[in-house]
Each structure stands twice: as C-alpha cells, then as structure tokens.
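This report refers to the structure that appears directly beneath it.
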Amino acid sequence: WLAAREHFQRLVENYPQSTYRPDAKLGLGDTYIGEGSVESLILAENEFKEFLTFYPTSTRADYAQFRLATALAEQMLAAERDQTTTREVVKEMQVFLDRYPNSALMPEAKALMRQAKDRLSEASYRVGFYYFRAKWYPGAIDRFKEVLAADPEFTSRDAVYYHLAESLLRVGTEASKAEALPYFERLLKEFEQSSYLQLARRRVEELKGATGAQR
C-alpha cells in the first residue's frame, strides 16, 4: 500500500494537468482503505471527499461516493457501542442511491446500506431486549415497534417480532394478547429459518386455542 501510494502521490502533486490525476486521487483513497488503520481510513475519507469536490461530474464519481461510504463503514463500531459513524454511512449511501441510480456498483451499495442499517437496528433492538429482560415491558414494546417502523427490512427482525409479541403477552391484558398474535404470525410467515420459529408456533397455537375456547 505504501509503495503504491508514493507513486499516486507523486502523480497528484507533480502533474496537475494529467488526465490520470483523478484516477490517482481515487488510488490514494484506496491505498488508505487497504491499510485499514483508523488514521488511514480518515485520510481515505478526505481523498474521496476531495475527489467529489474537484471532479463532481466525473464518470467515476459514483466510485468515489461508494468508497467514501466504505471508508466510513470500516470504522463502524459494534452494536452495543456508539453508532454515530454508522449513521454517517447510511447518510453517504443514501447520497449514492439518490445520485447514481444506474451505477454498476448498485448491488454492492445496497449490500453496504443493508449492513449499516442492520447495525443501527441491532443497536436499537438491544436496548429493547434489555428492557425485556428487566421486565419493563412498556419500554420494550415501544423500542421494538420503533425498530420495525424505522427499518421494516431489518435482517434480524424475527427476534424483534418474537420479543415484541412476548412483551405484549406479558402485559397481560386481553387487548395486548390480541395484538401479540399477528407478530407471532408474521414471524412464521416471513422466516423459513429462525431460532424463534418453534416458540412462535407454540404461542400461536396457545393464543388461537384460548380464543376458540372463549367462543
């Protein structure tokens, strides 16, 4: 990475009129991402931001925007930690999706956006799960509903469905029990594989059995 960077840097600094200069700016950013340290990733961000400032109409602007988001994504923290950088990834990926709808990088961009959104949703889900384990079910219900509203495509929403439905059940009112059933059913409908399937299936049978008995 260092050897490549030296050549790219020489081109950028000594040949300002060169037609290769834009690609060299991108190459610089790529070497910083390749190095992978916190400091180099920040330098990568700067290279791609400069590229987009100097060459906004370049045919490779989509690549610069994508790699800017990639440099940020490499700095995302685990779900239980601060998610400021993850929100930056989502913001920059939304710029990509809006500006470059026909980019060949679109499949990779969508995958990166999903990764970032999953991280945010996982962080929020964990707060709800903490409330669930603490048996503060109103707080858990509010948080789980927020996750589903903000990110209905959350990859791990099976866990959200299950714990939201369980929280509603444990509130114990007839209304909350009735509200729980559709979430169990959505889990069964939307997931062919989940560690919660058997538990959800049992709950559906219990709830429908209780409804039938009341009739």
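Just the heavy atoms: all of them, side chains too, but no hydrogens, waters or symmetry mates, feed the values below.
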Tell me who clusters with [X], hydrophobic residues only, linked when side chains sit under 4.5 Å apart either directly or through other members.
X: Leu2; result: none
X: Trp1; result: none
X: Leu43; result: Tyr32

Chi angles and distances behind the side chain to side chain contact (heavy atoms under 4.5 Å, CB included) call for Leu11, Ser18: CA-CA 8 Å; Leu11 195 161; Ser18 171; 4.1 Å; yes
Under the side chain to side chain contact (heavy atoms under 4.5 Å, CB included) test, residues paired with Thr19 that sit two or more places apart: none
Salt bridge (Lys or Arg N to Asp or Glu O under 4.0 Å) between Glu179 and Lys145, worked out: CA-CA 12 Å; Glu179 189 180 353; Lys145 286 183 176 180; 2.6 Å; yes
Test log, rule side chain to side chain contact (heavy atoms under 4.5 Å, CB included), inputs Lys135 and Tyr137: CA-CA 5 Å; Lys135 300 183 180 181; Tyr137 300 119; 3.5 Å; yes
Do you know the tightest heavy-atom contact between [X] and [Y]?
X: Ala44; Y: Gly29; result: CB-O, 3.6 Å
X: Ala109; Y: Met93; result: CB-CE, 3.3 Å
X: Ala140; Y: Ser167; result: CB-OG, 3.8 Å
X: Val89; Y: Ala73; result: CG2-N, 3.5 Å

Sequence neighbours excluded, every pair satisfying salt bridge (Lys or Arg N to Asp or Glu O under 4.0 Å) that has a member inside residues 186-195: Arg157-Glu190, Arg186-Glu190
Would you mind listing every ring-ring contact (aromatic ring centres under 6.0 Å, His included) that reaches into [range], with sequence neighbours excluded?
range: residues 61-84; value: none
range: residues 81-108; value: Phe96-Tyr100
range: residues 4-29; value: none

Among all residues two or more places apart in sequence or in another chain, which pass the ring-ring contact (aromatic ring centres under 6.0 Å, His included) test with [X]?
X: Tyr161; answer: none
X: Tyr130; answer: none
X: Phe154; answer: none

If the threshold is 4.0 Å, N to carboxylate O, is there a salt bridge linking [X] and [Y]?
X: Arg119; Y: Glu122; value: no
X: Glu153; Y: Lys117; value: no
X: Glu206; Y: Lys177; value: no
X: Arg202; Y: Glu205; value: no

Side-chain ([X]) to main-chain ([Y]) donor-acceptor, under 3.5 angstrom:
X: Ser40; Y: Ser37; answer: yes
X: Gln83; Y: Arg81; answer: yes
X: Ser176; Y: Thr173; answer: yes
X: Gln65; Y: Glu92; answer: yes
X: Arg126; Y: Glu80; answer: no

What is the distance from atom [atom1] of [X] to atom [atom2] of [Y], rounded to the nearest 0.5 Å?
X: Leu26; Y: Thr31; atom1: CG; atom2: OG1; result: 11.0 Å
X: Glu146; Y: Ser124; atom1: CD; atom2: OG; result: 6.0 Å
X: Thr84; Y: Glu88; atom1: OG1; atom2: CD; result: 8.0 Å
X: Asp158; Y: Thr155; atom1: CG; atom2: OG1; result: 9.5 Å
X: Leu105; Y: Arg60; atom1: CG; atom2: CZ; result: 9.0 Å
X: Glu47; Y: Asp30; atom1: CD; atom2: CG; result: 10.5 Å

Report yes if some heavy atom in the side chain of [X] is under 4.5 Å from a heavy atom in the side chain of [Y]; otherwise report no.
X: Ile141; Y: Leu164; value: yes
X: Thr85; Y: Leu77; value: no
X: Gln75; Y: Ile42; value: yes
X: Gln115; Y: Leu112; value: yes

Hydrophobic clustering (ILVMFWY, side-chain heavy atoms < 4.5 Å, transitive) - are [Y] and [X] grouped together?
X: Trp136; Y: Phe132; result: no
X: Val204; Y: Phe191; result: yes
X: Val90; Y: Met106; result: yes
X: Val147; Y: Tyr162; result: yes
X: Leu120; Y: Tyr131; result: no

Identified salt bridge (charged side-chain N to carboxylate O under 4.0 Å, His left out) counterpart of Glu185 within the set Arg201, Arg203, Lys208: Lys208
Partner of Phe51 by ring pair (Phe, Tyr, Trp, His ring centres under 6.0 Å), out of Phe54, Phe48, Tyr55: Tyr55
Side chain to side chain donor-acceptor pair (under 3.5 Å): pairs with one or both residues in residues 101-111, sequence neighbours excluded: Asp62-Ser103
Chi angles and distances behind the side chain to side chain contact (heavy atoms under 4.5 Å, CB included) call for Leu52, Leu68: CA-CA 10 Å; Leu52 291 165; Leu68 169 57; 4.3 Å; yes
Criterion side chain to side chain contact (heavy atoms under 4.5 Å, CB included) on Leu187 and Ser194, from CA distance to verdict: CA-CA 9 Å; Leu187 196 165; Ser194 169; 4.2 Å; yes
Aromatic plane relationship, Phe129 with Tyr125 - under 30° parallel, 30 to 60° tilted, over 60° perpendicular: parallel
Residue pair Glu50 / Asn46, side-chain donor-acceptor N/O under 3.5 Å: no
